[in-house]
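Per chain, numbering begins at 1; letters A, B, ... match sequence-line order.
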Amino acid sequence: MPKLNINQLKAVQTTEGPVLIIAGPGSGKTYTLVERIYYLITKKRVEAENILVATFTEKAANELMTRVSNRLHEANISFNLNEMYLGTIHSICLRILEENREYTRLKKNFMLMDQFDQQYFLYQKLNDYLQIPNVEILVGERTSRWKKAENLLKWINKVSEEMLDIEELKKSTEIQVQALGYCYDRYQQQLEEENALDFSTIQLEAYKLLKEYPQITSQLSEELHYLMIDEYQDTNTIQEEIIFLLAGEKQNICVVGDDDQGLYRFRGATIRNILEFPNKFPNEVCTQVELSTNYRSHPNIIQFYNQWMEQQNWNYKGKSFRYDKKIVPNEDNYPNSSAVLKVSGADVLDSWYEEIYQFLMSLKEKGKLTDWNQVAFLFKSVKNSKVTGLANYLEEKNIPVYSPRSNMYFDREEVRLLIGAIIFLFPQFPEVRKWNKNAHLDEWEMYDQCFLEFTNELRKPENEKLLKWARKKSKHHYSLSENTDYAFAGLFYQLLQFDLFNRYLEQGTEGVRDSRPARNLSLFSQLLTKFEYLHRVSVFTPGKVNKILRTFFNQYLRFLINGGINEYEDDSGYAPSGCISFLTIHQSKGLEFPIVIVGSLESSPRKQYSDLDEVLQEDFYRKEPFEPLSRTKYYDFWRLYYTAFSRAQNLLVLSCLESKASGQGTRNVPSKSFIESYKPLKSWREVTDIYDLELEDVKDVNIKKEYSFTSHINIFETCAIQYKFYKDLEFAPVRQGATLFGTLVHQTIEDIHKAALKGEEEKVTSENVENWFESNYKNLIRKERVYLAPQTQIAALKQVKKYVDRQNNNWSHIKDAEVDVSLVKDDYVLKGTIDLVQGEDGSVDIIDFKSEKKPDLVKEQERLYHYKRQLEVYAHLVEERTGQKVNNMHLYYTGEDNSNPYVTFNKDTKSIDKTINKFDKIVERIEEKDYWIAERPIKHCRNCDMRFYCDQKL
DNA sequence: GAGTCAAATCTTTTT
DNA sequence: GATTTGACTC
């Protein structure tokens, strides 16, 4: 890495007071951020918990964490980075909500909904909304119920993100606005009933918490000495409010961004936040730094995108809506070669595809291209047929394409066979799916096709076993006389025992693309468990099976097909080796590639707001619109393609199927927005110097992964195969009551400890314990959708009460509960939670709770030894972090009725290194995907969904 | 050259 | 539904 340039240095060293960093593309923004954090830690001696860094995506957060920890490691500084508030604004808000949950409407085990969940939630409750007067005008009169839910979701999220006043909305004379107000009220009520949160209410609840409890806010803002917000041009109203609340009086806020790369207006983001940032403070207080030296791109590329911005008209009514700046190349020598070119086809799609193929091949053959991952295609969307057509064309010619957002999930063979198989297993489906005689859904054709594809396979001799099994099952399901002990997810795992499906699991999990079929199967298991969760299905019953089938295919699966599913994305690397990336321009934000090919040149600026938007903007938004509404479509368009062009390091290519508008409805490609930039470009066929280009290698960011004792290390040691499926491939386990029991006991004991820690020992009464237990149970079953038999509940409560009895009302020795500890290693982060720390000043014991009977100390020696090692590492971390000496380490078995519930170990400091060494080895095996096991852990197999597969394969 | 109309085409982006 | 273009009018 180069040394900091003078402006970067200023950005790093100005730590006090507000700082605005306008960072152009490729100006070393992340590098500067890393150095700034490093500077705070080493020169300013700031503790990790006093720093907050908000990034735009989880991926960016991971990358930043890795780079900072590597930087510290290089300098030989040991530092607990995990205490830092680092993540997206959403994840930081979530952390604040969890830490202060008792002050919010949220209860334990609340449900987090992604966008699909939220829309499905609204769909299921749509009738409640349709009773609200005039709601049809808001959500559309003549649209499907699913579409209505979609519209409703859009408006509801807008209200949250703009923090609109509901009472004002309800008072509006506009009937739509009024309806929206009432809908929002109802939505809030339903969220509360279901103990649920969606993306935008995460922020809203955090905001409310901070507003309503100034003492929490001031405590937080006293703790957070330094705040840094990346991609500030993409923050919205509520995010800005939250950031300023957290910063408090001292206002050490450093915001970083580029108004030219604001791409998220549809989420309420406005570049006003970054442009007006200095005005929020008394005059001249805010330090402004401009990073405009570019370290990424060939000067010709920089010249090209500078010109793209300059030729646009940013003025409106005498005001300019751009912070005028020019990116300058750094002083390195660049070859004086062509760096911006066009690759174009004519007349028919295939000629364009072929031209691109030829271009790529000639680069590969004559040029310096060493790995396909040096090439990225950027489009507005990768879902349309032109783009998927190109991807298929290249794949057929043996150029692998990585395009996880291209909406191909339901076109994949493995997924279609699964759908076909499920249909085969329920022969009543063709009848059951009709809710009346003339019922018809378009998706049924796809289902029938899947069924056909499956039966074709079934006829093959190698699938004879499957055929026999499936026939028997389908006969059984057709006239179901008693409850099954499985639902869809259970059936899915049974299907995995047959070669037709498990052949997809045999392919390596190494590359993203090779593992795609396995990842797709895993995704299918997640979809099935989610369905069962949302509809409270755990088994098929004779009375309900048909209704379940209908709901599954006519609603759930159908909406998934319509909404589209993104395939697995591997965030641990940069661009997967061996394939060309197809990305949306939004996805490419913050990335760079040696060769960038920008498509979607037929696109043109489009209006993006409705009449209702205008009304809301006029009368209800907190601020006047910053940019004139009529101009935003142009600004957004120019910024989008500016971002795309500036991703290129060595070679930027504009590519399209050129066509002249001829006759009505046809259009010019490239569209008139691009003509001026596109026309002067030389075609790749006209130049020869591109083959001399020295291409950068794709940079290697090795993201540090987190491993926890209980959910990674322990599982791997018990059964590496299980680890492969549940943890690496992320198969979703069929929910089971066994874990519910433990969680319930654990959570209630946690409540007791929390009360004691607050000095409210008198609250630990039999009655309160029962109440805590009840409320934990209620929230848990709502979340897990699994119930405990009454006797099991009683047994769980008994364990908790026994623990309370044994403590005999003496809680004075409790020091801390639920302590998160972590160890940042060279290659990974080890994490764990200590249930309880107790003892006198200066020397403590640590305790881990197990909700079972005390094991046989001799027969179960192996397992106990394992726990001991884990406790030793915990002890080591407690000592390092708090300076307290750990005396003893205990396991506490709440299921032990008679004898001493403790298993106590003496701490053996000498073996810590050995233990950590052992964990290193395990992590090494995990990262190398070495899932070899000597033999099956039979005892565990009984509760493992993969057992059918293992029975066949091991 | 400006304005209007009809017909054809394509209709995201993310936490 | 928004947008583009050609055909049309004035």
Please report the distance, rounded to the nearest Å, between [atom1] in [X] and [atom2] in [N].
X: A:Asn407; N: B:dT11; atom1: CG; atom2: P; answer: 13 Å
X: A:Lys147; N: B:dT11; atom1: NZ; atom2: C1'; answer: 10 Å
X: A:Asn62; N: B:dT15; atom1: CG; atom2: P; answer: 12 Å
X: A:Tyr635; N: B:dT13; atom1: OH; atom2: P; answer: 25 Å
X: A:Asp234; N: B:dT15; atom1: CG; atom2: P; answer: 11 Å
X: A:Glu58; N: B:dT14; atom1: CD; atom2: C1'; answer: 12 Å
X: A:Gln115; N: B:dT12; atom1: CD; atom2: P; answer: 14 Å
X: A:Phe637; N: C:dT4; atom1: CZ; atom2: P; answer: 9 Å

So, does [X] get its side chain near the phosphate of [N], meaning an N or O under 4.0 Å from OP1 or OP2?
X: A:Ser381; N: B:dT13; result: yes
X: A:Lys383; N: B:dT11; result: no
X: A:Ser91; N: B:dT15; result: no
X: A:Thr584; N: B:dT14; result: yes

### Message
Could you check whether any side-chain heavy atom of A:Arg622 comes within less than 4.5 Å of a side-chain heavy atom of A:Leu164, counting everything from C-beta outward?
### Response
no
A cation-pi test, strictly: NZ or CZ of [X] under 6.0 Å from the centre of the six-membered ring of [Y] and no more than 45 degrees from its axis. Yes or no?
X: A:Arg519; Y: A:Tyr568; value: yes
X: A:Arg95; Y: A:Tyr85; value: yes
X: A:Lys125; Y: A:Phe121; value: yes

Under 4.0 angstrom, heavy atoms only, what part of the nucleic acid is [X] near: base, sugar-phosphate, or nothing?
X: A:Phe199; answer: base
X: A:Arg639; answer: nothing
X: A:Gln203; answer: nothing

State which of [options] makes the closest approach to the side chain of [X].
X: A:Arg606; options: B:dT15, B:dT12, B:dC10; answer: B:dC10
X: A:Asn384; options: B:dT12, B:dT11, B:dT13; answer: B:dT11
X: A:Lys380; options: B:dT12, B:dT13, B:dT15; answer: B:dT12

### Task
Examine distances only and state if a side-chain atom of A:Asn566 and a backbone atom of A:Ser406 form a donor-acceptor pair shorter than 3.5 Å.
no
### Task
Compare the aromatic ring of A:Phe266 with the six-membered base ring of B:dT13 and state whether they stack according to the 5.5 Å and 30° rule.
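Stack criterion met.
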